[in-house]
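The block underneath contains the structure these notes are about, expressed in structure tokens.
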Amino acid sequence: MRLSKLFFQTLREVPADADVVSHQLMMRAGMIHQIAAGIFDFLPLALRTKQKIEEIFRAEMDAIGGQEVTLPMVHPAELWQKTGRWYQIGSDMARFRDRNDREMVLGMTHEEIMADLVKKYIKSYRQLPTMLYQIQTKFRDEPRPRAGLLRVREFTMKDAYTFDRDEAGIDSYYPHFYQAYFNIFRRAGIDVVAVKSDTGMMGGRMAHEFMALTEIGEDTLVLCPSCGYSANRQVALFRKPDPPAEDPLPLQEVATPGVTTIAALAEFLQVEPSATAKAVFLVADIEQPDGKVQEQFVFCVVRGDMELNETKLTNAIRARRLRPATTPEIQAVGAEPGYGSPVGVHREAMWLVVDDLVARSPNLVAGANRAGYHLLNTNYGREYSADQVVDLAAASDGHSCLHCGAPLYTARGVEVGNIFKLGTKYSIAMGATYLDENGEEKPIVMGSYGIGSGRLMAVIVELHHDEAGIQWPITVAPYQVMLVSLATEKTPEVTAAADQLYAELLAAGVEVLYDDRDERAGVKFNDADLLGIPIRLTLGAKGLKNGVVEGKLRRSGESFTFAVSTAVAEVQALIAAEIARIQATVLPVPFED
RNA sequence: CGGGGAGUAGCGCAGUCUGGCAGCGCACAGCGUUUGGGACGCUGGGGUCGUAGGUUCAAAUCCUAUCUCCCCGACCA
């Protein structure tokens, strides 16, 4: 491609709306253009990279038995009503009516549609397992799109679905995806960690998220440096410290005027925060046995040195959603904000959930449920008992690893992919069943597996750039080679040589972007750095006089001198070396169950 | 949905407080000089000042409403 003809424009200045690096660089490189919050145009350079990423998806999916299909992105509401997600999902789902007043949705994911499809075609255990995938547009009306391509409303996703006879079937398929995902990300030039994750609205038994570690990530990960344990903080487990071995002491009320935080309480009483109990008041939407959703006041207790993990709580009490309780609601159950404890509250008006460590810790300081007073020496089972005793605490830096005891650390990550064991939720709802060897009708066991192409592209830029611009890994670069001609009006021989080299590179099958523009050298070099094409070839009057063309690797700055006559072969070797360098990172990964 | 910021040429911004010809830089077009890391000169094109209503002799500027975008939070397969 000749740069003089390419539909693009580089920007010298950073667009005001862009504040993460990947967004800035892709805007400046003329790759993307925003038309609304979280909705982008992909220009030719971006599209080439997106297509390369998607070719990697196809190769890895095909390698584990996938067959590509394309399902619509407009769905009748009926399919979503069958699984109940029509009712569960809020305004993230874009809904509209067609001309005949039928309710329709824009697809946010395709479990329903896939289950509906296989229902018609899969009848026998002989047809299982099957894996279908597509690369398709999704629309999710996110409340807050942000950070360029990292969090958008309309996006392309590779979503794959497995169909197995039983749990054992998916248990054996799932690790293939786990490996394929590592292969995909490594072939795209990034490293990821797989973490156990919450199954959220997808439901299901097991899920992993593939996280790229970067400061701009929205998720917090908990990692063990010793045994490799890794989990999203939402579900991360840790080994709780042993509570001190003390005999229960008599309950005692003390005046603590104006002391409403754990830190202030610890300071005032000269005790460790770990010797206190923290009360958290929430209101949960709980689905009742009759299907109606009711609000329930939830009183949570964790130790003062720990934080409540709302995902753990949500799962423990099977809540639809949580919100903080208001002061009147808190007082209505006999508690007092800042001085709350489960001692002496109206137990019948609440669901009381206590962290297991609190239940095991003797003589904790807790609120007295009246302003200005706390209680010393509260003991679970003596002053109060709970509706549920479960793990509610959020894992943090320095906590001990559940498996090996080493201190955990936290890191920020961007979720670039996920894999779910879905079970039979969708197949039962849609009636997707098969007959087994005994002629018995059984629901198909499903899994679903997603990767967003645009987000992955943005993450690659986040992880591969410098001050001057992008540094594309060669496997996903829009072009492999950028040929920069430094010809001027006075050096037509340079133009001729560059034209010829361009033609030879094209003929040799090299993906080459040819900067034939009438620009000064500085402009061309700066644009080349910005676009981040991995190999730059420079042909100018000086070099040509000596019969040489200069080569340079964008990622390292390493430079080479090639004879013009052998340049094509040298470049091909360089491309092969760059590809091999990335391919060398694609290795077997042990499956962490 | 809560808090904050911003809408003026394709991009970055000034002008708004204190109403009075709509500007600057980049980009774009033409001509000339230049030509290995974002050249220079001259000339030129491009604007419903987010939208609607109001106040006023006069509104980018004041008032009211509204839309949009960005950031933090809530939310998020």
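Residue numbering restarts at 1 for every chain, and letters A, B, ... go by the order of the sequence lines.
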Proximity to the side chain of Ala16(A) - top-ranked nucleotide from A74(B), C13(B), C69(B): C13(B)
Whole angstrom value for the distance that separates C1' of A27(B) from CD of Glu13(A): 10 Å
Contacts of type side-chain contact (heavy atoms from CB on, under 4.5 Å), residue Ala541(A), not counting sequence neighbours: Thr491(A), Val494(A)
Complement of U56(B), any strand, by Watson-Crick or G-U distances under 3.5 angstrom: none
Nearest-Å distance once atom P is located in both C63(B) and U68(B): 22 Å
Sugar-phosphate only, base, or nothing, as touched by Pro324(A) at under 4.0 Å among non-hydrogen atoms: nothing
For atom CZ of Arg144(A) and atom P of C69(B), their distance in whole Å: 13 Å
Distance in angstrom units between Leu43(A) CG and G10(B) P, rounded: 17 Å
Integer-rounded Å distance: A6(B) C1' and Asp19(A) CG: 13 Å
Base-pairing assignment for U16(B) (Watson-Crick or G-U wobble, both under 3.5 Å): none
Residues which pass ring pair (Phe, Tyr, Trp, His ring centres under 6.0 Å) with Tyr449(A), listed by chain and number, not counting sequence neighbours: Phe177(A)
C1' atoms of G47(B) and U8(B), separation to the nearest Å: 8 Å
Which nucleotide in C11(B), C72(B), C70(B) has an atom nearest any side-chain atom of Arg146(A): C72(B)
Rounded distance in Å - CG (Asp285(A)) to P (C75(B)): 13 Å
Counter-base of G47(B), judged by Watson-Crick or G-U geometry with both distances under 3.5 Å: none
Any residue meeting ring pair (Phe, Tyr, Trp, His ring centres under 6.0 Å) with Phe525(A), in chain and number order, not counting sequence neighbours: none
Minimum heavy-atom distance between Val235(A) and Asn309(A), given as atom pair plus value: N-ND2, 4.3 Å
Atom of Ser91(A), atom of Asp141(A) and distance for their closest heavy-atom approach: O-CB, 3.4 Å
Spacing of the C1' atoms in U66(B) and U56(B) (rounded, Å): 23 Å
Sugar-phosphate only, base, or nothing, as touched by Tyr161(A) at under 4.0 Å among non-hydrogen atoms: nothing
Nearest-angstrom distance, P atom, G30(B) to G37(B): 26 Å
Residues Glu112(A), Arg85(A): salt bridge by 4.0 Å N-O rule: yes
Charged tip of Lys421(A) within 45° of Tyr174(A) ring normal and under 6.0 Å: yes
Interatomic distance where CD belongs to Gln34(A) and C1' belongs to C11(B) [whole Å]: 14 Å
Residue list, ring pair (Phe, Tyr, Trp, His ring centres under 6.0 Å) with Tyr514(A), at least two apart or on another chain: Tyr502(A)
Sugar-phosphate only, base, or nothing, as touched by Ala528(A) at under 4.0 Å among non-hydrogen atoms: nothing
Touch class at under 4.0 angstrom, heavy-atom based, for Pro143(A) against every strand present: base
Atom P, compared across G20(B) and A59(B): separation rounded to whole Å: 11 Å
Rounded distance in Å - CD1 (Ile32(A)) to C1' (C11(B)): 15 Å
Whole angstrom value for the distance that separates C1' of A74(B) from CD of Glu310(A): 10 Å
Distance below 4.0 Å between Gln9(A) side-chain N/O and C26(B) OP1 or OP2: no
Sugar-phosphate, base or nothing in reach of Val14(A), heavy atoms under 4.0 Å: sugar-phosphate
Spacing of the C1' atoms in A58(B) and G41(B) (rounded, Å): 40 Å
Base-pairing assignment for U35(B) (Watson-Crick or G-U wobble, both under 3.5 Å): none
Complement of A6(B), any strand, by Watson-Crick or G-U distances under 3.5 angstrom: U68(B)
Pairwise C1' distance for U61(B) and C49(B), with rounding to whole Å: 10 Å
C1' spacing across the pair C21(B) / G3(B), given as an integer number of angstrom: 41 Å
For Thr561(A), side-chain contact (heavy atoms from CB on, under 4.5 Å) partners two or more places apart: Val548(A)
Nucleotide opposite A22(B) in a Watson-Crick or G-U pair, distances under 3.5 Å: none
Footprint string (nucleotides 33-44 of chain B, 5' to 3'): B base within contact, S backbone only, - free, heavy atoms under 4.0 Å: -BBBBBB-----
